[in-house]
Amino acid sequence: MLEVLDQSTLNFDQGSLFILNISLAIIMFGVALDLKVADFKAILTNPNSFLAGILSQFIFLPFLTWVFVLVVTPPPSVALGMFLVAACPGGNVSNFLSHLAKGNAALSVSLTGFSTLFSIFLTPINFALWAGFYAPSAEILREISLSYFDVFQTVALILGIPLILGILINSRFPTWSQKATKILKPLSILIFAAFVAIAFIGNYKLFLQFIGLIFLWVLGHNLLGLASGFSLAKIFKLNLPDTKTLTIETGIQNSGLGLVLIFTYFDGLGGMAIIAAWWGIWHIISGMAIALYWKNTPSIK
């Protein structure tokens with residue numbers, strides 16, 4: 001039965017993919033409008049938290065994902081989806097959730113900005129590295145002959161350019177930026193949510209057939225992401241607000257970027273696409289739950 005998942009592809013036309021690209025660029029632009037050059041300089045005064053966040057995002061989580069894949073041995077396409085999600089930067093909704101949890105909102109925004117910049121190079125490298133360590137997924141990569149330079153360009157166009165433009169505009173027009181981000185963020189997230197829903201409706205039979213397994217795979221993988229951030233924060237002996245932020249930042253991944261790469265370079269490969277799409281739904285649920293818990297129990301360490 002699992003072979004059906006590996007051999008299936010999700011229906012998603014080029015027009016829909018273009019609009020999805022635009023919506024992700026708008027999301028990133030909205031996040032960047034909250035960033036200032038001073039935010040990046042502030043990291044120098046709190047380097048431990050920033051270092052822990054980068055290590056958790058780009059080293060610890062991909063490593064734990066590889067271990068998880070070795071243990072549960074999912075189908076190759078599903079494993080590829082997990083490696084890709086783990087290689088993506090933090091999701092934009094992490095800033096809202098970190099603020100809700102009474103975490104370090106400034107650290108959250110800075111980590112989102114830096115991880116997005118780093119992802120232009122580290123997402124393709126991390127994906128190729130860890131997927132190559134798992135023989136079944138490495139075989140798919142060889143068959144597809146993926147051009148990692150093309151992936152670099154796609155990530156730079158969707159995330160890098162909007163990020164830089166947003167920072168520059170915020171530095172020149174801060175008042176306009178504050179007003180614009182209040183509109184752009186919810187609007188772009190609604191657009192993205194609509195596309196996930198459209199993808200679900202257009203492929204509901206495949207979703208229904210495998211939702212039980214997909215749910216368990218994503219549940220376990222997302223818990224690893226949350227645990228990665230939390231444990232690194234404890235190892236670095238960070239305070240509670242920073243611990244909350246690192247936990248949320250690592251547990252909330254930019255699965256939308258993952259979907260763009262999957263539909264662009266893997267033709268909507270079933271296991272990959274369903275993993276990324278369900279991540280996009282589930283990490284908001286889990287992130288909201290943990291944020292509300294921390295909001296109501298701020299003294300718990």
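This one's a predicted model, so the numbers in the text were calculated from it and none came from an experiment. Here, residue 1 is the first one in the sequence, and each next residue gets the next number. Both backbone and side-chain heavy atoms feed into the values below; hydrogens, waters and symmetry mates do not.
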Task: Side-chain donor or acceptor of T243 paired with backbone N/O of N239 under 3.5 Å - done: yes
TODO: Only counting residues at least two apart or in another chain, list the ones meeting ring pair (Phe, Tyr, Trp, His ring centres under 6.0 Å) with Y134.
DONE: none
TODO: Would you sort out whether L159 and S119 count as a side-chain contact (heavy atoms from CB on, under 4.5 Å), showing the intermediate values?
DONE: CA-CA 9 Å; L159 299 186; S119 70; 3.9 Å; yes
Task: I169 and W176: CA distance, side-chain angles, deciding distance, side-chain contact (heavy atoms from CB on, under 4.5 Å) verdict - done: CA-CA 9 Å; I169 290 174; W176 181 88; 3.8 Å; yes
Task: Close side-chain approach of P75 to W217, heavy-atom, < 4.5 Å - done: yes
Open item on the list: Holding to side chain to side chain donor-acceptor pair (under 3.5 Å), I want the full list of residues that pass it with Q57, two or more places apart in sequence or in another chain.
Closed with: Q253
TODO: Could you tell me which residues satisfy side-chain contact (heavy atoms from CB on, under 4.5 Å) with L51, sequence neighbours excluded, listed by chain and number?
DONE: L55, F236
- [ ] Show the numbers, then the answer: is there a side-chain contact (heavy atoms from CB on, under 4.5 Å) between V155 and F121?
- [x] CA-CA 9 Å; V155 178; F121 305 100; over 6 Å; no
- [ ] State which residues pass ring pair (Phe, Tyr, Trp, His ring centres under 6.0 Å) with F173; sequence neighbours excluded, sorted by chain then number.
- [x] none
Open item on the list: For the CG atom of L141 and the CZ atom of F83, what is their distance to the nearest 0.5 Å?
Closed with: 9.5 Å
Open item on the list: For P136 versus P76, what's the shortest heavy-atom pair and its separation?
Closed with: CB-CG, 3.5 Å
Task: From CG (L97) to NZ (K244), nearest 0.5 Å - done: 13.0 Å
Task: C88 side, atom SG; F127 side, atom CZ - distance, nearest 0.5 Å - done: 9.5 Å
Open item on the list: How close do I140 and S77 get, counting heavy atoms only, and between which atoms?
Closed with: CD1-N, 3.8 Å
Open item on the list: Quick check against the 3.5 Å criterion: does N104 have a side-chain atom that pairs as donor or acceptor with the backbone of D242?
Closed with: no
Open item on the list: Please give me the minimum heavy-atom distance between G251 and L226, naming the atom from each residue.
Closed with: CA-CD2, 3.7 Å
Open item on the list: Working to the nearest 0.5 angstrom, can you tell me the gap between N48 CG and F50 CZ?
Closed with: 12.0 Å
TODO: Using only heavy-atom distances, determine whether the side chains of T250 and S228 contain a donor-acceptor pair under 3.5 Å.
DONE: no
Task: Rounded distance [0.5 Å steps], CG in L107 versus OG1 in T112 - done: 9.0 Å
TODO: Write down the atom of N126, the atom of A87, and the distance for their closest heavy-atom approach.
DONE: CB-CB, 3.9 Å
Task: CA sep, side-chain torsions, deciding dist, call: S98, T245, side chain to side chain donor-acceptor pair (under 3.5 Å) - done: CA-CA 5 Å; S98 184; T245 293; 2.8 Å; yes
Task: Minimum-distance pair of heavy atoms, taken over all atoms of N222 and S286 - done: OD1-OG, 2.6 Å
- [ ] Using a 4.5 Å cut-off on heavy atoms from C-beta on, say whether the side chain of F266 contacts that of L261.
- [x] no
Open item on the list: When you measure from the side chain of S56 to the backbone of A52, do you find a donor-acceptor pair of N or O atoms at a distance under 3.5 Å?
Closed with: no
Task: side chain to side chain donor-acceptor pair (under 3.5 Å) against T154, all qualifying residues, sequence neighbours excluded - done: Y265
TODO: Taking all non-hydrogen atoms of both residues into account, name the closest pair between I284 and G280 and its distance.
DONE: CD1-O, 3.4 Å
Task: Polar side-chain atom of S171 near backbone of L168 as donor-acceptor pair, under 3.5 Å - done: yes
Task: Verdict with supporting geometry, V78 and M82, side-chain contact (heavy atoms from CB on, under 4.5 Å) - done: CA-CA 6 Å; V78 170; M82 291 179 177; 3.8 Å; yes
Pairs of donor and acceptor atoms involving the side chains of residues 60-69, under 3.5 Å and at least two apart or interchain, shall be tabulated with distances.
| from | atom 1 | to | atom 2 | distance (Å) |
| --- | --- | --- | --- | --- |
| T65 | OG1 | L61 | O | 2.8 |
| T65 | OG1 | H221 | NE2 | 2.8 |

TODO: Evaluate the criterion side chain to side chain donor-acceptor pair (under 3.5 Å) for residue pair S108 and E249; output intermediate values, then yes/no.
DONE: CA-CA 7 Å; S108 176; E249 278 293 319; 2.6 Å; yes
TODO: Could you check if a side-chain atom of L238 sits within less than 4.5 angstrom of a side-chain atom of L246, using non-hydrogen atoms only?
DONE: yes
Open item on the list: For the CD1 atom of I161 and the CD1 atom of I120, what is their distance to the nearest 0.5 Å?
Closed with: 8.5 Å
